[in-house]
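Just so it is clear: chains get the letters A, B, ... in the order the sequence lines come, proteins before strands, and each one is counted from 1. All values below come from the heavy atoms of this structure, side chains included, with hydrogens, waters and symmetry mates left out.
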There are 2 protein chains.
Amino acid sequence: MPGKTLTKGDNHLTMQVVNHVRTLIEKGSLKPGDRIPPEREFAQMLKISRASLRTGIGYLAAMGVMNVRHGVGTFVADGPPEIGRSSLSLLGALHGFQLWQMFEARRLLEGSLAALAAERGREEHLMALSEEVTEMYATVQDPAEYLIHDVRFHRTIAQAAGNPILAVLMETITSSLYGDRRKTVERTTSLKESADMHREIYRAIRTRDAVEARNVMERHLKMAEKAQMNEAASSQTKAKKKRRASGTASS
Amino acid sequence: MPGKTLTKGDNHLTMQVVNHVRTLIEKGSLKPGDRIPPEREFAQMLKISRASLRTGIGYLAAMGVMNVRHGVGTFVADGPPEIGRSSLSLLGALHGFQLWQMFEARRLLEGSLAALAAERGREEHLMALSEEVTEMYATVQDPAEYLIHDVRFHRTIAQAAGNPILAVLMETITSSLYGDRRKTVERTTSLKESADMHREIYRAIRTRDAVEARNVMERHLKMAEKAQMNEAASSQTKAKKKRRASGTASS
DNA sequence: AAAAAGCAAGAGGTCCGACCACCAGCATAC
DNA sequence: GTATGCTGGTGGTCGGACCTCTTGCTTTTT
């Protein structure tokens with residue numbers, strides 16, 4: 001079947017839209033952050049109804065390629081690439097993924113990412129990592145702020161590793177974990193310990209010690225897993241309805 | 001927002017549909033293979049228009065949770081879980097993924113998968129692997145058939161590893177590679193060598209040698225990568241006749 | 001003037017209702 | 001008995017009306 005663009009499967013028109021966009025991207029006339037024409041125009045261009053065009057847009061948005069903003073326009077995703085936000089979460093519900101499996105996958109990915117970062121990380125990445133560690137120490141009293149730098153730290157490692165695909169996979173998993181994560185961090189009594197571990201990871205990467213980087217990263221994530229598991233266990237023991245009063249601040 | 005399950009981000013109604021389905025799945029009243037009510041009815045149930053319902057369905061279909069069949073109905077996906085088919089391919093086009101990065105990711109994942117399979121694989125998995133290897137040897141003359149067993153072999157390892165999440169990630173990557181793969185296999189002169197490697201992998205797993213399993217798997221994939229790279233390179237230079245068929249006869 | 005309030009254009013979001021295309025099973029014709 | 005064809009149900013497409021949101025500009029107020 002020559003000539004047929006990839007992307008097999010679903011509906012004709014939907015795929016027509018998807019492939020059209022893909023072509024525009026591959027041709028370079030559509031780059032991350034760009035805005036696509038208004039639906040009404042775009043639909044007319046492709047000679048399909050607006051409804052069908054919207055189906056295609058929805059498809060692209062679902063897998064994180066497009067970014068729709070009500071009242072403003074539709075844009076090509078730019079930030080850190082990420083597969084459809086809730087896809088893993090959905091598939092998880094469907095196939096009964098376990099939390100430990102999530103963490104195992106994460107350990108594997110981030111461990112390798114750390115090792116690669118140690119091997120390939122450029123000076124700019126190392127500096128960024130250092131920066132984030134510093135910020136972490138500076139915000140040990142502000143969980144919300146701390147979490148931001150935590151996420152950025154891991155994200156920077158993924159960049160330093162020089163393999164965007166692995167970065168995407170990591171992002172997919174962590175974002176699936178993020179919801180619960182926020183809770184955990186807010187309860188963690190010792191963000192300082194966490195910061196210490198991040199500092200260790202940073203040092204290992206800085207000294208180009210791939211093995212050590214992987215080990216420390218895995219140790220760090222194992223600890224994070226334990227914390228989150230505890231949280232999950234304690235939150236399983238309460239009714240579905242609950243208002244956000246009382247001490248065990250969660251939700 | 002009370003009642004707001006996870007899955008943040010996009011449009012209200014779309015997410016309402018997605019969350020509703022998610023709830024049904026989590027509640028167990030919707031299992032893989034099941035069929036959902038006809039659009040017209042379902043829309044009425046949720047008190048939204050059919051168009052909006054369709055948007056939600058599309059979203060779910062885009063990430064491989066639903067399976068729509070024109071003239072028949074809409075079903076919950078059942079087969080091996082897989083993130084939206086072309087998502088990686090799309091993101092790749094958008095962010096300029098390289099082929100070697102794909103393979104690196106694959107090596108990492110499948111290497112770990114093989115190691116885990118060696119540790120956790122149950123007898124049934126080992127038997128299935130053995131079966132596939134046998135079939136491979138039996139079809140070294142039939143590339144198309146061989147490929148089927150090749151894929152099944154790797155998929156079985158993923159199952160044996162006991163971590164469906166890693167399996168999904170692997171599936172996502174390999175399916176992204178599959179298109180080119182078919183070509184490669186058809187040209188590979190020595191499927192027997194490939195079969196030999198698979199046999200080695202099988203033996204390592206059978207003997208519970210995780211380290212060896214990972215190593216052999218990585219070696220195998222490295223070779224596959226080389227083959228595919230050659231193919232890609234040569235197909236770039238083949239506008240006319242391929243004068244002097246050199247090269248590919250190595251390994 | 002500078003700041004606040006209000007207005008209007010442009011973009012996406014939702015809905016309706018009709019009609020098309022596909023598939024499966026049943027009825028009919030041979 | 002097989003082949004044909006019809007029909008009911010289901011998803012796919014359409015277009016065009018109307019709603020909501022965002023933004024920037026205009027008008028009013030201070």
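Residue-level contact check: B/Ile57 touches neither bases nor backbone, having no heavy atom under 4.0 Å from any strand. Here A/Thr74 lies in heavy-atom contact (under 4.0 Å) with sugar-phosphate atoms only.
Ring geometry for A/His20 versus A/Phe42: interplanar angle of 30 to 60°, hence tilted.
In this structure, B/Arg50 and B/Gly71 both approach DNA chain C, and ranking their closest nucleotides by distance from the 5' end singles out B/Arg50. Nucleotides of DNA chain C nearest to A/Pro37 and A/His12 differ in position, and the one nearer the 5' end is that of A/Pro37. A residue-by-residue look at A/Arg69 and B/Val68 shows that B/Val68 has its nearest nucleotide of DNA chain D further toward the 5' end.
Distance, B/Ile48 CD1 to C/dC15 C1': 11 Å, rounded to whole Å. We find that CD of A/Glu39 is positioned 15 Å from C1' of D/dC14, with the value rounded to whole Å. Straight-line distance from the CZ atom of B/Arg54 to the C1' atom of C/dG17: 15 Å, rounded to whole Å. The CG atom of B/Leu46 sits 15 Å away from the C1' atom of C/dT14 (whole-angstrom rounding). D/dG9 atom P lies 12 Å from atom CZ of B/Arg35, rounded to whole Å. Distance, A/Ile36 CD1 to C/dA11 P: 12 Å, rounded to whole Å. Distance A/Leu53 CG to D/dT13 P: 12 Å, rounded to the nearest Å. In this structure, A/Lys47 places its NZ atom 17 Å from P of D/dT13, rounding to the nearest Å.
In this structure, a donor-acceptor pair under 3.5 Å is present between the side chains of B/Glu104 and A/Asn163. In this structure, a donor-acceptor pair under 3.5 Å is absent between the side chains of A/Ser49 and A/Arg54.
If you check distances only, the side chain of B/Arg40 never reaches the base of C/dG17 with a donor-acceptor pair under 3.5 Å. In this model, no side-chain donor or acceptor of A/His70 finds a partner on the base of D/dT22 within 3.5 Å.
With B/Arg155 as reference, B/Glu171 is the one residue of B/Glu82, B/Glu171, B/Glu132, B/Glu110 to meet the salt bridge (charged side-chain N to carboxylate O under 4.0 Å, His left out) rule.
Contact annotation: A/Ser52 does not reach the phosphate of D/dG12 (side-chain N/O to OP1 or OP2, under 4.0 Å).
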Start with the C-alpha distance between B/Tyr137 and B/His149, add both sets of side-chain angles, then the distance that settles ring-ring contact (aromatic ring centres under 6.0 Å, His included), and finish with yes or no. CA-CA 10 Å; B/Tyr137 276 113; B/His149 297 293; over 10 Å; no
